[in-house]
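In what follows, every heavy atom counts, from backbone to side chain, and hydrogens, waters and symmetry copies are set aside. Proteins get letters first, then strands, A, B, ... in listed order; numbering begins at 1 in each.
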Amino acid sequence: MAAVSGAAGTGAAVSGLDPVAVRRDFPLLMAPHAGGRLVYLDSAASSQRPRQVLEAMDDYYETTHANVHRGVYAIAEEATRRFEAARHAAGRLIGAARPATEIVFTKNVTEAVNLVAYSWGRANLAPGDAIVLTEIEHHANLVPWLMLAEERQLELRYLRLGEDYRLELSNLDELLDGAKLLGITCASNVLGTVVDLEPLVAAAHDAGAVVLADAAQLVPHRPVDVAALGVDFLGFTGHKMLGPTGIGVLYGREELLEAMPPFLGGGEMIRDVRLDGFTPNELPWKFEAGTPPIAEAIGLHAAIRYLEAIGLEAVAEHEDSLTAHAVGRLQDAFGEDITIFGPDPALGRRGGAISFAFKDLHPHDVAQVLDSRRVCVRAGHHCAKPLMRRLGVQATTRASLYLYNDEDDVSELVGALRAVADFFA
Amino acid sequence: MSGLGDVYRENLEDLYREIILDHYRSPRNRGELATPPAHRAEGFNPLCGDEVVVYAAVEDGVVTDVRISGQGCSISQSSASMMSAAVKGQPVAEARRLLRAFKSMMSIHESSLGGEAGGVSRARGGEGAVEADEADEPAPVDVESLGELAALQGVVKFPVRIKCATLSWNTLAQVLAEAEAGGAGTGAEAVG
Ligand SMILES: Cc1ncc(COP(=O)(O)O)c(C=O)c1O
């Protein structure tokens, strides 16, 4: 793979990863846009995908498409083999002990959380039970619980935002006391805050709570090991990690998944159906009703191979140094005119999502003028309205970094922000 | 403005016409009116947090005064400012005509979305959805009759910004409805 480089290319951060070489694998990033290069700084919303992913999906459709787990003919068996190989790759990526049973394919991480809330939640939570969430969650890990809380009269408790945009943990034991579940993000899509999960998981388990981790912003960027983290459930989403849309993953510890009732009903998820009842299928198919996203799983597998070939350690190192560089450049260039909502990279590890307020301009206006310079950033509430309220803003502008971004992209962002300032001066 | 190049520039300048930037920098009719006798309604765009509060005094079928407060992006705030200038002093019937004409100018048609023929002509939905307000099909609009308001026409090319431009007008519709219903009062409702 061209992008895996030992030689440092131009513009590379001090690591084994050469972002310029990486970019060559991404057709969308290489295509001219209105005569120039696209500066894509919105990977926290959705990443781009390398041609290896697109080719894997095309190859499946062109050579061996058939429904899985059914046909006894050769191409159907090959389709099944590729689909199940993707499951194993996803499991290995996050260190699942038993990928064959513990990895459930979903549509995205949102569906993974809904699956847990619906199936585990309805089987295990009764009126008056408490669950603990955090105020930095994405709506995906809030609304399913709000829905269940309404239905089951659950008590919702929240870890709050504390110093340096990290979670306030001083009242952790109090919040966990008697709680049945801790639902927590691994890394904030708004602040870039990376949560130090291990002690939280240990405290939750001591209190008898099950832990669901939203790893949508972690798995694409850093090595993850569910055994080391100790989490019971962990979800992530394909389109943020170089894979296609329409595929997500739920990891669940086998004992828990085994004991849970099915989520959606239909074909695939049953062993037997009678006119007066049904017997659910084995894991993981019990949770995969209907024809699954086969090509998407195969594309995700290619994305995982791509990331593993580069190495998630190298990705993390590259993003760490680029994030520190970007935060520094923005602060040097704009001083008081910019407020960054997120941890200081000098004080510890943080992710590459950089949310900010620029002058007194509305994020939509900022993003619109950045677009005129081909700089793609996100403006809005980032599906984290409670967090926006906590920050006291309606919306933020967010630039987010990934393995194909480099210092040139940061320079483009800084230059484009100068143009924004001029435009609205 | 510096450093804006190529085809993007054209679109951007279409969106942010000088007159729009002027209303953004020096908004007209900022402030509040006592309620009663004036009427007040709040409009809120949950997508991006734009917020517009419209105060209107209506006497003998004439909008005698309008005041605007709130906060948000340049399009929502300048549109509110332009709306206030356009309807202040006008008969309610004329304000309603402008409202209809403006909303019609702002409505998206299939062609502008690049949709296939036979597709759904207007999207409705959650984040990223485009304007899909009225069930009743708007009449073709005479842009000339909108005067300065026509400057906002360029917004149609940016579907997610349409709600920003129509927010103050939807809020005006609420205020007028309230004034018409008689009693002076306060309306607060998400408009979107
Ligand atoms: C932290 C986090 N959780 C959940 C999601 C939802 O991802 P998806 O829309 O793929 O389900 C996102 C992405 O927007 C996210 O950043």
CA sep, side-chain torsions, deciding dist, call: A/Phe341, A/Phe356, ring pair (Phe, Tyr, Trp, His ring centres under 6.0 Å): CA-CA 6 Å; A/Phe341 303 106; A/Phe356 57 89; 8.8 Å; no

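- Aromatic ring centres of B/Tyr16 and A/Phe423: separated by under 6.0 Å.
- In this structure, A/His362 and A/His364 have tilted ring planes: the angle between them lies in the 30° to 60° band.
- The pair B/Lys163-B/Asp50 fails the salt-bridge criterion, with no side-chain N (NZ, NE, NH1 or NH2) lying under 4.0 Å from an Asp/Glu carboxylate O.
- Within residues 71-96 of chain B, the residues having any heavy atom less than 4.5 Å from a heavy atom of chain A are, in residue-number order, B/Gln71, B/Gly72, B/Cys73, B/Ser74, B/Ile75.
- The environment of A/Tyr118 atom OH is sparse: at most 12 non-hydrogen atoms of other residues, nucleotides or ligands sit within 6.0 angstrom.
- Under 4.0 Å is where a charged nitrogen must lie from a carboxylate oxygen, and between B/Glu32 and B/Arg67 no such pair does.
- The part of A/Ala425 that comes within reach of chain B is its backbone (N, CA, C, O), which places non-hydrogen atoms under 4.5 angstrom from that chain.
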